[in-house]
K.L.:
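Would you mind keeping the following structure in view while I ask a few things?
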Amino acid sequence: MTDAAVHKFNSHAEFEAQLRDCVGRARLTLKMFDPDFSVFPLGSTETDAALRGFLAGGGALQLAMHHSAHIERHYPRFVRLLRDFNHKIEVRATARSLHHLTDSFCIADGSHIVRRFHSDHMRGEAAFDAPAATELSQERFSAIWLEAVSTLHPTTTGL
């Protein structure tokens with residue numbers, strides 16, 4: 001990422017602010033990776049409203065993770081969102097062979113990114129209107145996505 005376009009952050013509040021900005025800029029695609037999404041505010045009313053607006057406007061959301069248990073237990077709004085927009089949201093779980101991956105990121109429209117260097121820490125950076133800054137993470141997401149399997153289905157049968 002170039003220094004001119006980078007916004008560094010070190011706290012949970014700063015991460016959430018950058019993430020809200022990234023989601024708010026998305027029009028077509030949101031691609032997110034995190035081991036379990038426990039620090040992403042996917043269960044908040046504000047995030048729910050932003051994602052509903054994004055999806056209703058024609059956007060598509062892809063989430064890749066190691067474990068979905070945190071979302072299932074703590075984010076009922078997101079589970080409802082998944083049920084309401086199941087045709088525009090795809091959630092995949094990584095294979096055990098990828099569980100060593102510990103970074104975390106959100107990419108919007110291939111032009112905006114919020115990235116934490118390690119999922120155990122809040123230190124990271126964001127870049128907006130910077131397609132070149134998203135390239136490495138987009139390639140990483142594509143590789144993760146190919147190795148992952150569908151999870152978090154809107155119904156118990158997955159239909």
K.L.:
After noting the C-alpha distance and the side-chain angles of V39 and R116, does the key distance pass the side chain to side chain contact (heavy atoms under 4.5 Å, CB included) rule?
P.N.:
CA-CA 11 Å; V39 300; R116 289 173 32 235; 3.0 Å; yes
K.L.:
Is a side-chain N or O of D109 found less than 3.5 angstrom from the main chain of L28, in a donor-acceptor match?
P.N.:
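Side chain of D109 to backbone of L28: a pair is present.
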K.L.:
Hey, does the side chain of S119 reach the backbone of D34 with a donor-acceptor pair shorter than 3.5 angstrom?
P.N.:
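Judged by distance alone, no pair lies under 3.5 Å.
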K.L.:
Students often mix this up, so state it plainly: with edges at 30° and 60°, are the rings of F105 and F33 parallel, tilted or perpendicular?
P.N.:
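Ring orientation of F105 relative to F33: tilted.
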K.L.:
Parallel, tilted or perpendicular: which one describes the rings of H99 and H66, with boundaries at 30° and 60°?
P.N.:
tilted
K.L.:
Step by step, would you call L81 with R52 a side chain to side chain contact (heavy atoms under 4.5 Å, CB included)?
P.N.:
CA-CA 7 Å; L81 183 78; R52 282 181 183 280; 3.2 Å; yes
K.L.:
Kindly compute the distance separating CD (Q138) from OG1 (T29), expressed to the nearest 0.5 Å.
P.N.:
7.0 Å
K.L.:
So that I know where these two stand, are F37 and H70 an aromatic pair - ring centroids less than 6.0 Å apart?
P.N.:
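So the answer is no for these two rings.
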K.L.:
Which of parallel (below 30°), tilted (30 to 60°) and perpendicular (above 60°) describes F15 and H12?
P.N.:
tilted
K.L.:
Rounded to the nearest 0.5 Å, how far apart are CZ of F141 and CD1 of I107?
P.N.:
7.0 Å
K.L.:
Measure the CE-CG distance between M122 and N10 for me, rounded to the nearest 0.5 Å.
P.N.:
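Spacing of CE (M122) from CG (N10) equals 9.5 Å.
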K.L.:
Check whether any side-chain heavy atom of L51 sits under 4.5 Å from a side-chain heavy atom of L42, and report yes or no.
P.N.:
yes
K.L.:
Could you state the interatomic distance from CE (M32) to SG (C22), rounded to the nearest 0.5 Å?
P.N.:
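It comes to 7.5 Å.
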